[in-house]
Amino acid sequence: MSASDSQELRYNPQAVEAKWQQIWEKEKTFRAVEDRQREKFYCLVMFPYPSGRIHMGHVRNYTIGDVIARHQRMLGKNVLNPMGWDAFGMPAENAAKKQNSAPSRWTYANIDAMRQELKTMGLAYDWDRELATSDADYAHWEQALFLKLFDRGLVYRKKSLVNWDPVDQTVLANEQVIDGRGWRSGALVERRELSQWFLRITAYADELLDGLETLPEWPATVRTMQANWIGRSHGLEFSFDLEGLSEKLPVYTTRPDTIMGVTFCSIAAEHPLARRVADQNPEIAAFIQECMKSGTSEESLERLEKKGFDTGFKAIHPLTGERIPVFIANFVLMSYGTGAVMAVPAHDQRDFEFAQVHGLPIRIVIQPPGQTLEVATLREAWTGPGIMVNSQLFDGLDHETGKTQVMDEFVRRGLGRRRTHYRLRDWGISRQRYWGNPIPMIHCERCGVVPVPEADLPVSLPEQVDLHVQGNPLDHLATFTDVFCPQCHGPARRETDTMDTFMESSWYYLRYCCRDFQEGPLDVDRVNYWMPVDQYIGGIEHAVLHLLYARFFHKALRDEGLVASDEPFRRLLTQGMVRKDTLFCSEHGWRYPVEVAEEGGTLVCSACRQPIVVGRNEKMSKSKNNVVDPAELIRGYGADTARLFMLFAAPPQQDLEWSDTGVDGAWRFLNRLWRLVRDVAVLVPGIAPAQTTPDEPGLKELRTKTHETIDKVGRDLERFGFNTAIAAVMELVNVGTRWLSENQTPEGNPQALAVLRELAETAVLLLHPLVPHITEELWQILGQGKPLAFQSWPKADPQALVRGEITIIVQVNGKLRAKLTVPADIAQADLESLAHHDPAILGNLQGKTVVKTIVVPGRLVNIVAK
RNA sequence: GCGAAAGUGGCGAAACUGGUAGACGCCCUGGACUUAGGAUCCAGUGCCUUCGGGUGUGGGGGUUCGAAUCCCCCCUUUCGCACCA
């Protein structure tokens with residue numbers, strides 16, 4: 001037993017963490033101040049919805065962000081690392097209904113609770129910049145931005161489809177529609193048209209797509225997903241004449257090369273032509289009604305069994321003059337293109353299936369290279385490349401050339417035009433809900449739609465509101481809706497739609513830059529100092545919507561002169577989910593681990609003794625009883641253990657599997673670190689860290705390892721390899737600990753003490769961004785006055801990295817047969833000869849003839865022999 | 001349905017541009033120690049083995065001196081799909 005084992009020198013995370021959190025808070029260590037002399041670094045994590053408790057997903061997200069922010073700070077950057085709350089949204093309304101309380105009360109109480117929890121994680125935030133999107137000033141300036149967009153023509157109203165619950169008389173979110181029924185009422189959901197507010201994101205479609213190429217530090221997967229989402233396609237738009245009707249049927253196609261294979265047309269259920277027929281034909285009206293009884297999501301539409309109904313109309317093929325039928329089909333989207341398509345069953349799978357069901361002709365017009373398709377044996381559509389056939393003057397053309405020539409022919413004859421279409425639709429921002437930012441508009445019978453004058457902003461949410469009414473509560477509040485028209489001063493009605501919460505998250509990163517600015521939404525100077533965000537971190541589930549809306553909003557504000565950059569987020573990291581096993585009992589449903597017992601080697605439900613089905617790792621979720629409460633973890637092990645486990649268990653982009661024993665492992669490592677640094681600290685008062693490498697082999701190895709670790713951890717953090725960075729420091733700590741136990745009395749060896757101090761300080765410095773509390777404390781124990789938060793990141797000494805000897809592997813026919821330890825600067829010929837004369841190799845080569853020898857310098861020798 | 005990813009020991013994972021597969025950690029086995037601690041330390045730990053070696057990165061082919069890594073086909077799992085945030 002040594003004196004250093006005494007009680008007060010044991011690692012006590014609770015005391016250490018409280019101590020440093022208080023110091024950081026009191027000293028405002030992480031307050032960010034604009035300083036044009038210094039290089040800035042804006043580190044941003046996706047802000048949370050204030051659900052009331054933080055969960056492991058938050059812990060992971062904010063730990064990753066914190067490591068990056070603290071690392072950049074040590075690299076000398078002026079770091080902005082803010083935190084706030086995405087505070088509007090449906091859950092507050094649902095909770096308030098349940099508790100007979102107000103959404104704002106519920107929300108702000110949750111924020112207070114979550115802020116408290118977050119503070120126990122030791123995150124390096126500038127809390128002075130905290131914001132909640134439901135704050136009066138945030139809502140105010142968002143309304144002002146909305147009006148600016150309105151002035152620029154980027155806001156308009158149009159009819160669009162919503163999920164309508166006929167019993168509750170309310171609009172449902174897609175997630176509130178379960179198997180086609182309303183989650184509360186259980187009523188069959190209908191598609192219904194409503195006048196709604198839209199932002200013209202499609203005006204920026206090209207820039208949003210092309211801009212992806214300026215974002216090399218975004219994950220390729222996210223860029224691909226956004227590109228697919230925008231879905232720019234080049235094609236042909238033309239119209240079919242309709243027999244006996246004056247109007248035409250416009251269609252859009254990306255496959256003009258299949259024009260001669262058209263055997264019918266399909267239109268959406270909402271298509272005007274479909275409605276026309278419905279008026280006269282009750283059967284068709286019933287079919288359209290049937291189509292309207294599915295959700296509005298693209299998924300639900302496309303998963304439908306392909307169904308259709310003949311309208312009786314005949315369209316005239318523009319090139320052949322052939323009469324072809326027009327069908328209503330439930331898989332045609334009114335929101336894409338013209339809501340009508342030319343159908344080519346031989347070369348489109350959906351058309352193929354549809355034609356089979358309805359007995360429609362199939363005509364092959366593209367023959368794939370090397371085969372000949374026949375209608376009689378066709379089992380599925382051929383959508384690949386090929387040569388055009390049965391296409392008159394286009395016969396024999398490669399289908400790509402054919403595309404161009406068919407379009408040229410249509411344009412030349414005035415039958416159609418080339419068009420670029422997008423899958424991207426304009427952004428519907430109207431929500432028929434109370435707890436959101438009001439859309440600042442007024443409806444006047446005489447003047448039409450009139451914006452609320454800027455001087456009258458903000459339009460505030462009324463606090464006294466009955467949430468239990470059907471539909472949008474704001475509709476029923478005369479004190480809110482009854483206003484005078486700002487133009488004619490006559491009686492008018494206030495808009496009651498509130499904004500999509502994606503509006504708030506589209507510009508919060510800008511408001512953080514100038515949280516206290518009161519003259520307008522944004523203080524341009526400060527915003528332009530901090531922007532763009534250098535590192536954005538959040539869940540992959542936001543790959544498309546939030547990240548696309550925010551990019552659009554940013555570009556629109558740029559054109560308004562409020563920001564200078566073209567893109568808001570320079571570098572993006574999308575982290576995976578936190579998952580854990582689930583335990584399911586057929587009798588009692590999802591069980592908590594404590595509700596499960598082990599009997600005879602199998603798990604059973606402790607209530608009913610039924611066997612438990614252990615689920616694969618699933619996303620932590622309250623409903624599945626597989627959540628681990630971060631607060632409990634932090635109370636038990638401390639924030640540093642929680643952070644270390646999160647960072648070590650998996651690379652950040654990947655899903656993380658929860659493991660209680662893994663947490664123990666993290667805890668044990670911090671204790672090993674603590675003991676090593678404490679033991680070194682006892683030995684090295686007054687000793688400076690080593691500046692040069694001693695000649696003694698053991699010390700030389702220690703110092704080389706120290707600097708190799710600096711080198712590796714630096715590179716690892718750069719590429720978010722937190723797990724391998726930790727592994728590298730673990731190796732360093734293991735090496736240091738072993739050296740210390742094998743060299744009991746290094747007191748008389750100043751060189752050894754200097755190397756030891758350098759090793760211990762290095763481990764502490766390198767780990768500081770990851771586990772900030774314990775490292776601050778150890779830094780102090782090492783006798784350092786200035787906190788680690790103000791220290792610079794260590795630099796590897798290039799001379800210490802040079803190794804004299806290296807290990808070379810020797811292979812015979814690609815298989816490992818021997819290892820050689822050779823001088824690092826060995827000549828290639830010497831190495832080759834050494835390999836050929838190695839006893840193990842000689843044995844292996846017996847009876848074989850050497851064909852050739854491949855030498856990879858510094859790595860291996862491969863002898864090819866027969 | 002469309003789109004995007006991922007498959008490596010008992011488990012989480014590592015392997016820079018094709019060059020020692022399994023670093024680091026967990027679990028487990030054997031041993032040591034005792035201020036009995038959330039211990040700690042030492043040794044072992046992919047599989048098979050006649051102890052020479054053989055074999056092994058979801059499956060099947062291919063390219064290469066050499067493939068977890070590159071190419072083709074197949075299988076499985078996860079995520080997103082516009083009113084959840």
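As the structure is a prediction and not an experimental result, all values here were calculated from the model. Note on naming: letters A, B, ... go to the chains in the order of the sequence lines (proteins, then strands), and numbering restarts at 1 for each one.
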Distance-only side-chain donor-acceptor flag, A/T724 / A/R719, under 3.5 Å: yes
Just to be sure I understand the rule, does A/R719 reach a base, reach only the sugar-phosphate, or reach nothing, if contact means heavy atoms closer than 4.0 Å? sugar-phosphate
Partner of B/C51 by Watson-Crick or G-U wobble geometry, both contacts under 3.5 Å, or none? none
For B/G18 versus B/G53, give the span between their P atoms, rounded off to a whole number of Å. 31 Å
Could you tell me the separation between the CZ atom of A/R672 and the P atom of B/G37, rounded to a whole number of Å? 21 Å
Reckon A/N862 touches a base, only the sugar-phosphate, or nothing at all at heavy-atom distances under 4.0 Å? base
Are any of A/N723's side-chain N or O atoms less than 4.0 Å away from OP1 or OP2 of B/G25? no
Here the distance between atom P of B/A4 and atom CG of A/D655, to the nearest Å, is 19 Å
From B/A23, B/A4, B/A82, nucleotide with atom closest to A/E731 side chain: B/A23
Considering just the side-chain nitrogens and oxygens of A/K815, establish if one lies under 4.0 Å of OP1 or OP2 belonging to B/C65. no
May I ask you to evaluate whether A/R668 reaches the phosphate of B/C27, defined as a side-chain N or O under 4.0 Å from OP1 or OP2? yes
RNA chain B: A/F502 or A/P13, which has the more 5' nearest nucleotide? A/P13
For B/G1, what is the paired nucleotide under Watson-Crick or G-U wobble rules, both distances under 3.5 Å? B/C81
Separation between the P atoms of B/C47 and B/G22, rounded to whole Å: 14 Å
Roughly how many Å apart are B/G9 and B/C48, using the P atom of each and rounding to a whole number? 15 Å
Does A/W85 reach the main-chain N or O of A/M114 with its side chain, forming a donor-acceptor pair under 3.5 Å? no
Tell me which nucleotide among B/U20, B/A14, B/C26 gets nearest to the side chain of A/T661. B/C26
Between B/A14 (C1') and A/I726 (CD1): distance, integer Å: 13 Å
Counting only Watson-Crick pairs (N1-N3 plus N6-O4 or O6-N4) and G-U wobbles (N1-O2, O6-N3), all under 3.5 Å, who is the partner of B/G10? B/C26
Give A/Q196 one of three labels, base, sugar-phosphate or nothing, depending on what nucleic acid heavy atoms sit under 4.0 Å from its own. base
What is the distance, rounded to the nearest whole Å, between atom CE of A/M730 and atom P of B/C24? 10 Å
Between A/Q432 and A/Q196, is any side-chain donor less than 3.5 angstrom from a side-chain acceptor? yes
pair_partner(B/U34), Watson-Crick or wobble, both distances < 3.5 Å, evaluates to none
With heavy atoms under 4.0 Å as the rule, sort A/Q654 into base, sugar-phosphate or nothing. sugar-phosphate
Side chain of A/T724 only, heavy atoms from C-beta on: which candidate in B/A15, B/A82, B/C84 is closest? B/A15
Quick one: A/L333 CG to B/G3 C1', roughly how many Å, whole number? 14 Å
Does the base of B/C26 carry an N or O that pairs as donor and acceptor with the side chain of A/E657 under 3.5 Å? no
In terms of base orientation, is B/G44 syn or anti, with the syn window spanning 90° either side of 0? anti
Would you mind classifying the nucleic acid contact of A/I808 as base, sugar-phosphate or nothing, using non-hydrogen atoms under 4.0 angstrom? nothing
Between A/D660 (CG) and B/G38 (P), how many Å, whole number? 17 Å
Sugar-phosphate, base or nothing in reach of A/F648, heavy atoms under 4.0 Å: base
Let me know the distance between CH2 of A/W427 and P of B/C83, rounded to the nearest Å. 10 Å
For A/R431 and B/C83, is the shortest distance between a side-chain N/O and OP1 or OP2 below 4.0 Å? yes
B/A4 OP1/OP2 closer than 4.0 Å to side-chain N/O of A/N228: yes
Could you check which of B/A85, B/G54, B/A82 has an atom nearest any side-chain atom of A/R817? B/G54
Measure distances between side-chain N and O atoms of A/Q432 and base N and O atoms of B/C83, and say whether any donor-acceptor pair falls under 3.5 Å. yes
For A/K819, report the nucleic acid contact type (base, sugar-phosphate, nothing); a contact means any heavy atom under 4.0 Å. base
Within the 4.0 Å heavy-atom criterion, would you say A/T221 contacts the bases, only the backbone, or no part of the nucleic acid? sugar-phosphate
Is a donor from one side chain sitting under 3.5 angstrom from an acceptor on the other, for A/E495 and A/W197? yes
Consider only side-chain N and O atoms of A/D165 and A/T170, and report whether a donor and an acceptor are under 3.5 Å apart. no
May I have the distance from A/L845 (atom CG) to B/C65 (atom C1'), rounded to whole angstrom? 14 Å
